[in-house]
Amino acid sequence: METERTSLFEAPPMAEQERMVEAILFASADPVTFTELMGRMPHGAEPAEAIARLRKRYEGRGVNILRIGDAWAIRTAPDLGFLMQKETVEVRKLSRAAIETLAIVAYHQPVTRAEIEEIRGVSVSRGTVDQLIELEWVRFGRRKMTPGRPVTFVVTEGFLDHFGLESARDLPGLKDLRAAGLLENRPAPGTVPLGEGSDADADQTEMFDQD
Amino acid sequence: METERTSLFEAPPMAEQERMVEAILFASADPVTFTELMGRMPHGAEPAEAIARLRKRYEGRGVNILRIGDAWAIRTAPDLGFLMQKETVEVRKLSRAAIETLAIVAYHQPVTRAEIEEIRGVSVSRGTVDQLIELEWVRFGRRKMTPGRPVTFVVTEGFLDHFGLESARDLPGLKDLRAAGLLENRPAPGTVPLGEGSDADADQTEMFDQD
Amino acid sequence: MADSFQEDAVSVTDRIAAEALIIDVGAFEGPLDLLLTLCRTQKVDLRQISILALAEQYLAFVETAKQLRLELAADYLVMAAWLAFLKSRLLLPPDPSEEGPSGEELAAHLAFQLERLAAMREVAAKLMARDQLGRDFFARGITEDVQRMRHVTYSATLLDLMQGYARIRTRDDFRPFVLDRDAVMTLEQALERMRHLIGFAGDWADLSSYIPEGWQIDPPRRRSATAAHFAASLELAKEGCIDIRQGEAFAPIQIRSRTPR
């Protein structure tokens with residue numbers, strides 16, 4: 001019924017769609033996914049086009065339209081942060097171990113605990129991963145198809161949002177690291193590779209080169 | 001003194017002041033008064049002028065600059081209020097019983113009600129399972145080929161989607177939970193856990209005292 | 001292994017450098033971290049680092065710690081042993097009969113690990129230097145709630161789910177020991193059963209025929225039931241209620257009720 005009826009109406013003009021996207025993004029503190037935008041706008045709307053226009057409109061303004069994964073959000077321009085002392089959220093300072101672990105998860109994802117330990121050369125304490133999960137920056141990913149089927153860790157949309165990243169592909173220095181072969185999972189010479197190496201590589205390629 | 005000193009600095013250009021007002025109004029949790037704006041912006045700024053320009057800029061847009069008493073705020077354009085329906089969703093935490101039941105279904109599916117009760121050690125109320133079914137996280141699976149042909153429960157696609165899992169097999173195992181530090185509040189060995197424990201104890205006494 | 005590096009002549013500069021580092025030993029996050037710090041004293045690009053020199057620096061560090069009677073964690077000592085081995089591989093001409101990777105391969109891998117860790121630290125610093133939400137850029141302060149329809153959803157995170165499950169499972173882990181009695185029949189059970197049945201039995205009958213249904217097929221259950229019934233029959237014979245006989249060793253045991261004549 002609903003769909004039949006609404007298909008009789010024409011989609012609102014693009015300028016109107018742009019206003020709608022603007023209103024929806026302004027009303028939410030969290031990024032709004034494309035699917036949600038589609039669901040909230042009238043039938044026949046083309047949010048992608050509206051977003052592109054809106055993004056252009058806000059270039060250089062006090063607030064900007066940011067893409068985070070498959071979602072969009074409005075955020076204040078970073079150069080104006082100094083005006084926002086009142087809004088600043090005090091975040092518990094992360095330990096050096098937590099920061100390194102976070103970076104390893106981000107650049108090597110999906111990554112197992114054993115791989116994190118191999119890279120850092122020390123065992124990962126219980127609290128470290130826990131803290132990152134609690135911050136909702138890290139979550140459990142797919143299990144690895146290697147003996148023992150270990151769980152993996154990946155970074156979340158919340159992580160991307162927090163660090164203003166459009167996707168994990170935009171991590172600083174990612175290309176250089178890959179070019180230098182530093183994201184490879186190289187087994188120690190003399191050890192029997194468990195197939196993890198090739199698997200990890202495949203996963204990573206899948207994650208970062210998906211377009 | 002202060003004013004004398006700062007008058008030496010030039011106020012930022014008006015376009016820049018407009019950006020500042022835009023960012024402050026956007027990020028503030030409450031409408032911002034003129035005095036507060038004055039205090040937050042660099043010395044020599046003229047917020048009144050900046051607000052007037054910003055207000056004009058947002059005329060006819062999806063959000064407008066509104067004056068509320070002697071304060072300003074960005075608000076959704078009145079004609080777009082209908083887009084905000086989604087913002088009224090009330091989120092409640094699932095009860096402990098429901099979480100535990102859901103976890104058992106996820107880890108042991110397909111599982112019968114009797115099996116859930118055996119694992120939880122307490123009976124499962126009708127409402128709990130009904131709620132999970134209503135949430136579309138749990139559905140009926142195939143009947144078990146055991147006496148009475150009891151129905152089983154399994155988790156749904158919606159469940160996997162909500163919890164960000166590719167498949168139920170990707171649920172972290174007990175070992176992983178322990179490694180991630182999620183199993184820390186275990187009772188010390190030798191202490192008697194509530195319910196089940198004391199029950200089992202009684203059994204044992206009965207066994208050994210009878211001859 | 002310990003002796004082999006004790007004999008090595010440790011240069012004065014290495015020793016002085018090592019003593020400076022010892023002060024910080026608690027601040028290092030494992031042997032790789034210490035090695036990276038030592039690398040910095042070589043003042044060359046990580047790619048040109050001399051692993052041999054690095055191994056010597058590390059061994060000097062461990063040696064100094066030992067002289068100062070400082071206890072190093074086990075993984076530092078494991079690394080020391082490995083580096084001493086690596087050093088000997090690097091110094092001695094390759095022995096063709098020897099198995100395993102060459103000293104050069106091992107050194108290259110260590111260099112790779114160090115470079116990788118250094119690279120991760122560098123990008124971690126870059127990441128943390130980025131503009132951050134709630135510090136440098138900000139989300140909307142006033143989110144708009146147009147109270148149209150109030151519709152309740154329930155939320156639970158994967159963490160809730162796992163903690164819930166963990167709660168149940170740990171309860172199980174620490175359940176006091178209880179015999180699993182599904183497959184166990186007690187003497188009392190058998191005795192009570194037989195007392196009741198024996199009254200109806202006239203002539204000699206196999207003891208096994210007294211075993212109830214459900215206990216005759218599954219081996220553990222059958223074993224338990226047989227033992228319980230045998231013990232019960234001895235008990236009944238002692239009480240003078242039944243007679244027992246067995247044709248020969250391992251032949252079926254037969255019983256009959258001893259009716260008072």
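Chain letters run A, B, ... following the sequence lines, proteins first, then strands; residues in each count from 1. Source: prediction; values computed, not measured.
Heavy atoms closer than 4.5 Å to chain B are found in both the backbone and the side chain of L83(A). In this structure, chain A has a heavy atom under 4.5 Å from the backbone of L171(B), while its side chain stays farther away. Only the side chain of L54(A) comes within contact range of chain B, with at least one heavy atom under 4.5 Å from a heavy atom of that chain. Only the backbone of R75(A) comes within less than 4.5 Å of a heavy atom in chain B; its side chain stays farther off. Neither the backbone nor the side chain of Q17(B) comes within less than 4.5 Å of any heavy atom in chain A.
Of the residues considered (T156(A), V21(A), L25(A), D79(A)), D79(A) shows the highest number of contacts with chain B, using heavy-atom pairs under 4.5 Å. Chosen from S125(A), P42(A), G141(A), G60(A), the residue pairing most often with chain B at heavy-atom distances under 4.5 Å is G60(A). The choice from R143(A), R149(A), M41(A) that makes the most heavy-atom pairs within less than 4.5 Å of chain B is R143(A). Heavy-atom pairs under 4.5 Å with chain B were tallied for E16(A), R57(A), R139(A); the largest tally goes to R57(A).
Looking at heavy atoms from C-beta onward, F82(B) lies in side-chain contact with M20(A) at the 4.5 angstrom threshold. Counting heavy atoms from C-beta on, the side chains of Q85(A) and R40(B) never come closer than 4.5 Å.
The existence of a salt bridge linking R61(B) and E18(A) is confirmed by a sub-4.0 Å separation between a basic side-chain nitrogen and an acidic carboxylate oxygen.
With a 6.0 Å radius and a threshold of 12 heavy atoms from other residues, nucleotides or ligands, E117(B) has its CD atom above the threshold. Remark: E136(B) CD is loosely packed, at most 12 non-hydrogen atoms of other residues, nucleotides or ligands lying under 6.0 Å away. No more than 12 heavy atoms of other residues, nucleotides or ligands sit less than 6.0 Å from atom CE of M38(A).
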Item to check | side chain to side chain contact (heavy atoms under 4.5 Å, CB included) evaluation trace for I74(B) with F26(A) | outcome: CA-CA 9 Å; I74(B) 304 179; F26(A) 260 94; 4.0 Å; yes
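Between G62(A) and E22(B), the shortest heavy-atom contact is N-OE1, 2.7 Å. Closest approach of T76(A) and A23(B) over heavy atoms only: CG2-O, 3.8 Å.
Taking the six-membered ring for Trp and thresholds of 30 and 60 degrees, Y58(B) and Y58(A) have ring planes inclined between 30 and 60 degrees apart.
Considering CZ of R19(A) and CG of L80(B), their distance stands at 4.5 Å, rounded to 0.5 Å.
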